[in-house]
Amino acid sequence: MPTLSFQLNGRPVSAEAPNATLLVDLLRQQLGLTGTHIGCDTAQCGCCTVVVDGQAVKSCNQLALQVAGREVTTVEGLAREGRLHPVQDAFVECHGLQCGYCTPGMVMSAVALLQHNPRPSEAEIVDALEGNLCRCTGYVNIVSAVQKAARTMAGEA
Amino acid sequence: MSAVPDATHATRFGSGRAVRRVEDPSLVQGQGQFADDVSLPGQTWLAFLRSDRAHARIVSVDTAAAAAMPGVVKVFTGADLVAAGIKPVVLPPGFKRPDGKVASAPPKQPLAHGVVRFVGEPVVAVVAESRAAARASAAAVWVEYEELPVVASLAAALVPGAPEVWPEAPGNVLAEARYGDAHATEAAFAAAAHRVSVEIDNQRLAPSPMEPRSVLAYVENDRLTVRLSSQMPTGVRGGLAASLPGRTADNVRVLVGDVGGGFGMKTGIYAEDIVVGWAALATGRPVKWQAERLEEFTSAVHGRDAVSHAELALDAAGRVLALRVRTWANVGACPAAVALAIPLVIGPWVITSIYHVPLLSLHLTTVLTHQMAIGAYRGAGRPESVYIIERLMDAAAREMGLDPAELRRRNMVRPEQMPYTNPLAQVYDSGQFERILDRGLALADWSGFAARRAEALRRGRLRGRGIATFLEWTGGNALEEQVRVDVTADGFIELSSATMAMGQGIATSYVQLAHDVFGVPLERIRVMQGDTDRANGFGSAGSRSLFTGGGAVHVASVRTVEEAKKLAGEALEASAADIEYRAGRFSVVGTDLVIDLFELAKRQLEARIVVSGTAKAGGPSWPNGCHVCEVEIDPQTGAVEVVAYASVNDIGRVISPAIVRGQVEGGAVQGIGQALSERVSYDTGSGQLLSASFMDYALPRVDGFRDFKTEFDESVPCLTNVLGAKGVGELGTIGATPAVVNAVIDALAAEGLGRDAERVQMPLTAEAVWRALRREFPSVLPVRAA
């Protein structure tokens, strides 16, 4: 069985994965990181979004073997020493989640956006989250949360 | 009596204050426990082979090749389940056919047996060592079908001589209900100064919580445990016990962790739950099934789907004289009772909404088709009814040349009429509808619309304004709820409830209510839900959890303090009457003798203090609101954009301000989804599902409207429950759909279509609006209205 090694949430990991294994299944089933969720089968909902080498990626749409040698961050890899990442904290503060199922994917899309564009306009936030579906919030407070996180990370609040 | 503390006792975290939700820290870190997040050692996977026909006789099922594939543990067919004594889910009596006989629908076999009746019906289940092996094996099953004639639309089902879905439903008419006085209504229409009518297709929707269903079943000491995502754990336990041989409520346990959205779709027992439970019993192994999104579209219940011809008669002054509605509801092939209750019972309760309607005549028919069953979806009957009356109000205003807000005002039930009994014998305890209207008009700058329309026209855009003033019934008629309080020696207050958190933040609201009484930090209070070994009850549906369960939290918390005072009296050798409680400590008045609440728990025999409390609301609550929407249409493309949305909502007392705002605004976006983009679409010839992925079923995305103005009017508390709260979960969805559609029609009417604009049908996609601008309208009535 093919093996792969990659950086996962800052730590090196090795895993065996049949060729057809999806990245999301490697994360959830083999590595036990169930924060990355599955919401559809057609790469439409974004619940499974993770960050690979700084890019938001739908992990249902990548083979596990494609991340060999790369750096993967999941929602479990954001908090530091018990402190929430500013994006996570902003989602809580702004009531940017209700059921919480889409939230890890939303958070990871937002983290990737803010890495590349620390001061996004509202239109840029909307563009970055276009691939993430939420059925509960109407997106109102999700966009607010990303704006708040951007301000926090810029040291303004 | 009010459970909400007055200002002197209020803290920064109690009811009425916006707090960080207790649900959130784990959810934002990916530490939630959704149904698919739990796996067990030795776990197997189950996959279904589903019917690819809408109606066919199963001639034979050949599972030999599938069973021989690597990793396969067991293959189950419908015949296997029948032989094992697994009972189908049958429609309970309670509804009548037009001929007076008890309504009968096809029994829902957990795996189809003999006949398949909709695309996506489970036919074969395979249990294997991996999900891939289970799926591969299911695909290798060979089913020979004999195709049978399909009725995959209301029109097809109601054609005289149409093929019948079920022999005991002649003409495909499953059940019928009539309300009101048809003759008096007819006379009122004949004598009326104004008569208007509208034809409405309240299209089929897919509830689409983001978390697909997932079921994990295992057996321990002959007890079957089923872990799944559900709003009603106790109901699921009952459904499993009713179907599975040798199972009773005592030897079945249902566990529910975090629920990734429900919206009514996760309220009942599903065929798949029974199959997974049986597979665990039959194999002795833990069995897991996770639905693919395709399976959710084909075989999780759909919502709405009713066509109506609705008429309103008014006098010369614009006062409603009578309402007449003829509705046909498409409930699919194997409906549960709720599919009939929604159009035949619940919808009628609110069809007169906040208006005084002296006479009415309702004729409501449920129809079987070869489609997935209808079930509860956010609002369940109230959105359909409110949409009808709000469309009629606008039609009447347009006919009479009146301001639609003014026409509504003239017909509202007035505060002095409270308690008000509506024509369906429903009693509204409270409501000041004109006050809410006035606040809504002010918030929306109703009177400033002409200037905004003129400005839009200069940009080449057609601007419209729509209003919905409405109420809804909440509580599910399950108005009693029990909560158990455990004060533990390790310093926690546990609230056990059979209601379920599913995004509505009920745990946070409960914690706030308990904090009002106990005065301990929020993090010392935990809510325990989703375990039928711990708490049983109706569950969370119908916007009931806060005003029933929250009331029980209050009652149980107060009782706990009273009981603990006695224990503190014993511990401190004082009379309970001399014991004072404040913020986690008991003290003897006038002394320095104190004991901590949790220390007191530690000293008890079982190291905890346990007290239960029950609250019973005296009736449903009747939240209401005024929602005003403005849209702009691009006449070149027909594309509709919501550009303004203001709402004032009476939900009685507000416990958690941020949460209720999120409920109303998120709910409104769901309502906008129905108005503008969502539709479950079947091919009417073959019965194949055409909208079977998120590429085809258009959920609102982040680029839609978000700039809501939302206010709450707390001046009219509910009078029939201890909190004074009214349900909020469904309000936004109910108000948004008619407000948006009325706005689009207003824009089209002003563009020269006049009352013809009322012939548009949801969803108001760019294509639908573009065609309307060219006077092309769909025809929706399944039969010519009498």
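Note on naming: letters A, B, ... go to the chains in the order of the sequence lines (proteins, then strands), and numbering restarts at 1 for each one.
- Looking at B/Glu292, both its backbone and its side chain come within 4.5 Å of chain A, counting heavy atoms on both sides.
- For A/Cys40, the parts sitting under 4.5 Å from any heavy atom of chain B are the backbone and the side chain alike.
- Proximity to chain A involves both the backbone and the side chain of B/Ile659, based on heavy atoms less than 4.5 angstrom apart.
- A donor-acceptor contact closer than 3.5 angstrom links the side chains of B/Gln290 and B/Arg131.
- When A/Leu78, A/Leu97, A/Thr42 are compared by the number of non-hydrogen pairs under 4.5 Å with chain B, A/Leu97 comes out ahead.
- Both the backbone and the side chain of B/Asp37 come within less than 4.5 Å of a heavy atom in chain A.
- Taking 4.0 Å as the cut-off between side-chain N and carboxylate O, A/Glu122 and B/Arg706 count as a salt-bridged pair.
- Judged purely by distance below 3.5 Å, without hydrogens or angles, the side chains of B/Asp24 and A/His95 never pair a donor atom with an acceptor atom.
- Ranking A/Val92, A/Asn132, A/Val75, A/Thr103 against chain B, the residue ahead of the rest is A/Val92, based on heavy-atom pairs under 4.5 Å.
- Most heavy-atom pairs under 4.5 Å with chain A: of the set B/Leu294, B/Val38, B/Asp36, this distinction falls to B/Asp36.
- In the model, B/Ser229 has a side-chain atom that pairs as donor or acceptor with a side-chain atom of B/Lys266 under 3.5 Å.
- Contact of B/Met695 with chain A is made through backbone and side chain together, with heavy-atom distances under 4.5 Å.
- With a 4.5 angstrom heavy-atom cutoff, A/Asp127 does not touch chain B via any of its atoms.
- Looking at B/Arg20 and A/Glu93, a side-chain N of the basic residue comes within less than 4.0 Å of a carboxylate O on the acidic one, giving a salt bridge.
- With a 4.5 angstrom heavy-atom cutoff, B/Val669 touches chain A only via side-chain atoms.
- The most heavy-atom pairs under 4.5 Å with chain B, out of A/Gly138, A/Gly39, A/Gly100, come from A/Gly39.
- Not one N or O on the side chain of B/Ser545 forms a donor-acceptor pair closer than 3.5 Å with the backbone of B/Ala541.
- Within the 4.5 Å cutoff, side-chain heavy atoms of B/Gln512 are placed close to those of B/Val19.
- The residue among A/Ile125, A/Asp41, A/Val143, A/Thr137 with the most heavy atom pairs within less than 4.5 Å of chain B is A/Asp41.
- A/Ile142 does not touch chain B: none of its heavy atoms, backbone or side chain, sits under 4.5 Å away.
- Screening residues 15-60 of chain A for ring pair (Phe, Tyr, Trp, His ring centres under 6.0 Å), with sequence neighbours left out, gives A/His37-A/Tyr101, A/His37-B/Phe34.
- Side-chain atoms of A/Thr74 and A/Thr36 include no donor-acceptor pair closer than 3.5 Å.
- Defined by atom type and a distance below 3.5 Å, a donor-acceptor pair is present between the side-chain atoms of B/Arg50 and B/Ser299.
- Neither the backbone nor the side chain of B/Asp707 comes within less than 4.5 Å of any heavy atom in chain A.
- Of the two parts of B/Phe297, neither the backbone nor the side chain holds a non-hydrogen atom closer than 4.5 Å to a non-hydrogen atom of chain A.
- Looking at B/Ser39, neither its backbone nor its side chain comes within 4.5 Å of chain A, counting heavy atoms on both sides.
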